[in-house]
There are 2 protein chains.
Amino acid sequence: MNKNKETKSVTMRDVADHVGVSVATVSRTLRNPEVVSQAVRDKIAAAIESLGYLPDPAARALASTRSDIIGVILPSVSNNVFADVMDGIYSAVEGTHHSVQLGYSRYAPLSEENLIRVFLRQRPAGLIVTGIDQTEAAQALLREAGCPVVQIMETGDAPYDRMIGFSHYDAARAATAHLFAQGYRRPGFLGARMDPRTQRRLHGFRDELRAQGVEEGKRIQTTTRASSVTLGSHLLAQLMDIAPETDAIFCINDDLALGAMFEAQRRNLRIPDDLGICGFNDMEMMAAAEPSISSVRTFRREMGEGAVQLILDSLSGTAAQEKIVDLGYQIVQRRSTRGH
Amino acid sequence: MNKNKETKSVTMRDVADHVGVSVATVSRTLRNPEVVSQAVRDKIAAAIESLGYLPDPAARALASTRSDIIGVILPSVSNNVFADVMDGIYSAVEGTHHSVQLGYSRYAPLSEENLIRVFLRQRPAGLIVTGIDQTEAAQALLREAGCPVVQIMETGDAPYDRMIGFSHYDAARAATAHLFAQGYRRPGFLGARMDPRTQRRLHGFRDELRAQGVEEGKRIQTTTRASSVTLGSHLLAQLMDIAPETDAIFCINDDLALGAMFEAQRRNLRIPDDLGICGFNDMEMMAAAEPSISSVRTFRREMGEGAVQLILDSLSGTAAQEKIVDLGYQIVQRRSTRGH
DNA sequence: TTGTACGCGTTATCAA
DNA sequence: TTGATAACGCGTACAA
């Protein structure tokens with residue numbers, strides 16, 4: 001450890017003394033400058049600059065009823081889907097006086113409930129949570145949060161407060177319909193993790209099959225293990241062994257799709273002729289792949305940015321009426337599903 | 001916003017009253033229980049449980065000289081290399097009473113300096129920063145931090161405090177040597193972003209070429225743009241147009257390698273015969289690709305976990321002597337570089 | 001427009 | 001082993 005230098009950080013007191021005003025005035029220039037005279041304001045600003053004053057967030061949080069923290073609870077650290085969301089969140093928070101506090105639930109509702117409790121304890125400026133599958137207790141906490149709460153990644157009725165996302169059911173169903181539109185008749189399904197959002201995609205897939213009058217047979221391969229490219233290869237291998245009639249697959253994410261594509265190539269299956277492949281999320285690599293892979297574009301960065309904006313708007317009282325922002329999705333067709 | 005319910009959170013005072021002791025005793029049971037009698041300790045524990053008391057981190061930080069926050073400063077949100085590091089960090093922090101505060105510098109040293117200042121203001125329990133290329137001012141701040149400071153991702157002399165990582169120069173040089181060992185004679189280099197760590201990889205590449213007595217020619221393609229799979233394709237296309245004699249490539253990360261592989265396939269270059277490909281980091285997909293892609297394995301999760309552990313050890317005074325932990329790297333050979 | 005003075009929930013110092 | 005009590009740095013009535 002470095003030597004604990006007596007590094008008395010400069011406080012508001014120092015700034016006040018330096019200018020010759022009271023701490024209250026300094027505090028006011030920081031929070032609502034409009035009630036402070038221009039002259040004093042300038043002098044304080046100069047003093048803050050020259051002394052290098054930085055407010056103490058702990059003291060601020062303690063003295064006021066709110067902290068500057070925006071709490072964010074996501075299910076997973078490593079899933080790059082959430083990396084994009086975080087990118088949006090951080091870029092929207094940048095330049096505000098807010099800071100982000102991140103928590104990972106590891107897809108466990110009870111962890112999530114705990115995190116919510118801990119975060120709420122800090123009287124956060126706002127809270128961003130993922131999805132709609134909270135425990136009863138967590139739901140109660142969120143309804144009484146006393147701060148703006150935004151649910152991201154999904155839409156659904158009965159938001160606790162506000163919501164920004166899209167329908168996973170609709171998106172998956174549209175992707176499946178796309179496969180049919182391209183002439184595929186015996187599509188399969190590859191799924192990993194099988195968390196609630198993934199389940200809803202499976203429902204969409206199944207309902208579209210039903211609507212098309214097609215039996216699903218044994219063409220649904222899922223696992224609760226975490227998704228990966230390797231797993232995509234394994235799942236496709238299993239699927240083709242069990243149900244060789246499969247002529248296309250819908251994968252619940254792009255990693256699986258990529259892995260499936262590699263496995264298809266290993267098996268000398270021609271894409272898209274022998275096998276159509278559609279991913280989900282439309283990560284950057286899908287366009288670069290050979291052949292390029294169709295996917296369902298989702299607006300992850302926008303969800304992150306939008307969620308923060310919703311909180312800021314709530315805080316400033318300029319929030320819109322609509323409780324739910326549906327960002328939709330977009331089927332991006334590429335070579336991997338060009339008919340046959 | 002939800003209605004601001006009068007949700008008076010339960011404080012230490014409540015717990016104390018409930019048990020019939022002073023707040024001081026409650027505080028002690030939480031921080032050093034060994035000085036409190038077992039009987040009182042049990043009653044307090046019960047009260048905490050039944051009242052659902054959670055300590056207020058702001059009050060704690062204000063009253064003590066340290067907060068429970070471990071500050072982490074990374075260059076990028078979206079780079080999945082750091083997702084793995086974060087995974088390690090969070091899993092090591094879990095179960096401790098610490099929390100993580102994350103900041104992104106966007107590869108800008110001045111942003112980083114600012115973040116360091118802001119984080120230091122919170123008297124963090126520890127600080128984790130990326131690499132060794134801080135500004136002069138940031139270096140001074142970190143040396144006087146008054147808390148454990150760990151630099152991750154790299155090794156190098158003169159750590160501010162402690163360091164855990166590996167030598168990017170050595171790793172890149174070893175990868176290049178591997179290409180030569182496999183019989184390639186005119187290897188090229190694909191680089192994106194070209195931040196200092198990437199630059200050091202380029203140096204390793206160049207020095208190995210020199211050691212092998214091989215001219216680099218025009219086989220070094222770099223850009224300051226952010227890395228992506230698509231960019232890997234573009235860079236390889238450029239490279240092969242300018243320097244068609246290239247018989248292998250070392251890519252500064254796996255995204256570029258994957259993109260390069262796709263582009264090679266588009267150009268009907270046989271891998272590994274016409275073109276050897278080696279990536280960097282050994283992300284999961286490299287093993288699943290078709291053909292599988294050689295890479296340099298780095299221990300990202302371990303860096304995150306290790307960094308937190310170093311901080312915890314420093315805090316508890318159980319830290320080892322060595323200031324620098326070198327996690328090394330590992331050349332993982334796969335089909336993409338099987339000689340020719 | 002500015003200053004005074006109290007309180008936020010906890011830690012830490014000192015006595016008891 | 002326990003209890004008062006003074007900080008910690010800032011926000012905010014209330015007064016001036």
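What you see is a predicted model, and the numbers here were worked out from it, not measured in a lab. Here is the naming used below: chain letters follow the sequence lines, and residue numbers restart at 1 for every chain.
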Counting only heavy atoms and a strict 4.0 angstrom limit, can you tell me which residues of residues 46-63 of chain A come near DNA chain D? A:Y53, A:P55, A:D56, A:A59, A:R60, A:A63
For chain B, the stretch of DNA chain D it reaches, first to last nucleotide, under 4.0 Å of its heavy atoms: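 Range of nucleotides touched by chain B: D:dT1 to D:dC10.
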Under the rule for salt bridge (Lys or Arg N to Asp or Glu O under 4.0 Å), what residues qualify as partners of [X], not counting sequence neighbours?
{"X": "B:D326", "result": "none"}
{"X": "B:R301", "result": "B:D87, B:E305"}
{"X": "A:D195", "result": "A:R197"}
{"X": "B:D56", "result": "A:R121, A:R123"}

Check every nucleotide of DNA chain C for an atom under 4.0 Å from a heavy-atom of chain B, then give the first and the last such nucleotide from 5' to 3'. C:dG9 to C:dA12
B:R31: which residues meet the side-chain hydrogen bond (donor to acceptor under 3.5 Å, both in side chains) condition with it, sequence neighbours left out? none
Hits for side-chain hydrogen bond (donor to acceptor under 3.5 Å, both in side chains) against B:D42, two or more places apart or cross-chain, chain-then-number order -> B:Q38
List the residues meeting ring pair (Phe, Tyr, Trp, His ring centres under 6.0 Å) with A:Y53, not counting sequence neighbours, and say none if there are none.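 Partners of A:Y53 under the ring pair (Phe, Tyr, Trp, His ring centres under 6.0 Å) test: none.
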Residues forming a ring pair (Phe, Tyr, Trp, His ring centres under 6.0 Å) with B:F166, sequence neighbours excluded: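 In terms of ring pair (Phe, Tyr, Trp, His ring centres under 6.0 Å), with neighbours along the sequence ignored, B:F166 is linked to B:H168.
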Per nearest nucleotide of DNA chain D, the residue lying toward the 5' end, A:R13 or B:R13, is B:R13
Heavy atoms of other groups near A:E49 CD, more than 12 under 6.0 Å: no
Do you see a donor-acceptor pair shorter than 3.5 Å between the side chains of B:Q122 and B:S67?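 B:S67 and B:Q122 do not have a side-chain donor-acceptor pair below 3.5 Å.
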Applying a 4.0 Å non-hydrogen cut-off, can you work out what B:R121 is touching in the nucleic acid: base, sugar-phosphate, or nothing? sugar-phosphate
Heavy atoms under 4.0 Å, any strand shown: does A:V23 hit a base, just sugar-phosphate, or nothing? nothing
Does anything in residues 24-31 of chain B reach DNA chain C, meaning a heavy atom under 4.0 Å, and if so which residues?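 Only B:A24, B:S27, B:R31 qualify.
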Do side-chain atoms of A:R106 reach the backbone of A:S76 as a donor and acceptor pair under 3.5 angstrom?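 Flag not set: sc A:R106 to bb A:S76 has no pair under 3.5 Å.
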Strictly distance-based, threshold 3.5 Å: is any side-chain N or O of A:T29 a donor or acceptor partner for the main-chain N or O of A:T25?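 At least one qualifying donor-acceptor pair exists.
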Among A:L312, A:D68, A:V100, A:I311, which residue satisfies the side-chain contact (heavy atoms from CB on, under 4.5 Å) criterion with A:V93? A:V100
